[in-house]
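Working notes, structure below.
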Amino acid sequence: MSGGVLSAGSPGPIAIAFDAAGDLWTSIGFSNTVIRFGAAQLVSGTAPAPQVVLSGLGDPSTLAFDAMGNLWVGDVTAGASRVHKVAASSLQASGAVTPVTRIEVLEAAPGRSFAGPAGLAFDGERNLWVSYGASGVIVRLTPEDQGGSGAVSVVPGIQIDAGGPKELAFDEGGGLWMAYNSGSISRLSPSQLSVSGAPTPDVVISSPDLGATHGVAVYPAPANLPLFHRLP
């Protein structure tokens, strides 16, 4: 990876996300595809063929589903700062898809490049948070920011200098957890997510055993997120 953008290598999984049916979606680096394995295929000792293979999303990286079952995909094409919204109705069959929305994230002032989204996560208010490892920031895209069609440029109202975050996950209390290449994991509290700036995380977990940390998950899933909820 160079500057947060994948350059060359062999195809392989980058990020995963489950949809409401329990199907597993995976972005495949260097093949420019997103694939789906059905829930019934997710058993030990098998080598299933993907049920759906999608293209037309640039060089897809991180994935997330919203409350309506639409798939959001980060695009790490060199120089890109796009996040694509793929309608739920376009996820049923293989082929090239045309995103409902292609959001280009812009800085409020010159000097910072948003390239290569590294993480996506929805909070309980249906805001979409996007991390950019290369520029070291996370930004908030409100439901209004998400609501356009076609190519849309957005200057996020909240931009937080977070030190180079990768994947993101929200906890039950509304805190945002982030993984880092430096081998640490941190949490920003809800109050720290309400304003732009460079806050000191309210929790930092660091260990040589973490190595280069790229992903985080919270289980059971917190209540009130757009798709998944706590187990009964």
Please report the shortest heavy-atom distance between [X] and [Y], naming the atom on each side.
{"X": "A121", "Y": "L168", "answer": "CB-CB, 3.8 Å"}
{"X": "I14", "Y": "P60", "answer": "CD1-O, 3.7 Å"}
{"X": "G136", "Y": "P165", "answer": "C-CD, 3.8 Å"}
{"X": "G69", "Y": "A88", "answer": "O-CB, 3.4 Å"}
{"X": "A179", "Y": "H214", "answer": "CB-C, 3.7 Å"}
{"X": "A17", "Y": "L63", "answer": "CB-CB, 4.0 Å"}

Inset, instruction - Tell me, with the steps shown, if F170 and N224 meet side-chain contact (heavy atoms from CB on, under 4.5 Å). - result: CA-CA 11 Å; F170 277 93; N224 302 316; over 6 Å; no
Legend entry - Side-chain donor or acceptor of S196 paired with backbone N/O of Q159 under 3.5 Å: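 Flag set: sc S196 to bb Q159 pair under 3.5 Å.
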Legend entry - Donor-acceptor pair, side chain of E104 and main chain of A151, under 3.5 angstrom: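 No, the answer is negative, given that no donor and acceptor are paired below the 3.5 Å cut-off.
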Shared ILVMFWY cluster between [X] and [Y], side chains joined below 4.5 angstrom?
{"X": "V105", "Y": "L128", "result": "yes"}
{"X": "I35", "Y": "L42", "result": "yes"}
{"X": "W177", "Y": "L225", "result": "no"}
{"X": "V139", "Y": "V152", "result": "yes"}
{"X": "V203", "Y": "Y180", "result": "no"}

Inset, instruction - Test D66 against R126 for side-chain contact (heavy atoms from CB on, under 4.5 Å), laying out the working first. - result: CA-CA 8 Å; D66 65 19; R126 301 190 179 184; over 6 Å; no
Inset, instruction - Take V137 and I160 through the test side-chain contact (heavy atoms from CB on, under 4.5 Å) and record every step on the way to the result. - result: CA-CA 5 Å; V137 300; I160 299 174; over 6 Å; no
Legend entry - S184 side, atom OG; I205 side, atom CD1 - distance, nearest 0.5 Å: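 Between S184 OG and I205 CD1, I get 9.5 Å after rounding to 0.5 Å.
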Inset, instruction - Output the distance between atom CG (N127) and atom CG (L193), rounded to the nearest 0.5 Å. - result: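 Here the interatomic distance stands at 10.0 Å.
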Inset, instruction - Indicate yes or no: at least one non-hydrogen side-chain atom of W72 is less than 4.5 angstrom from one of I103. - result: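 Yes, side chains in contact.
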Inset, instruction - Check whether any side-chain heavy atom of V100 sits under 4.5 Å from a side-chain heavy atom of N70, and report yes or no. - result: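 Of all side-chain heavy-atom pairs linking N70 with V100, none is under 4.5 Å.
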Inset, instruction - Step by step, work out the side-chain contact (heavy atoms from CB on, under 4.5 Å) result for I138 and L188. - result: CA-CA 11 Å; I138 56 173; L188 295 179; 3.9 Å; yes
Legend entry - side-chain contact (heavy atoms from CB on, under 4.5 Å), paired with V97, selected from V34, V73, L54: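 Among the candidates, only L54 passes.
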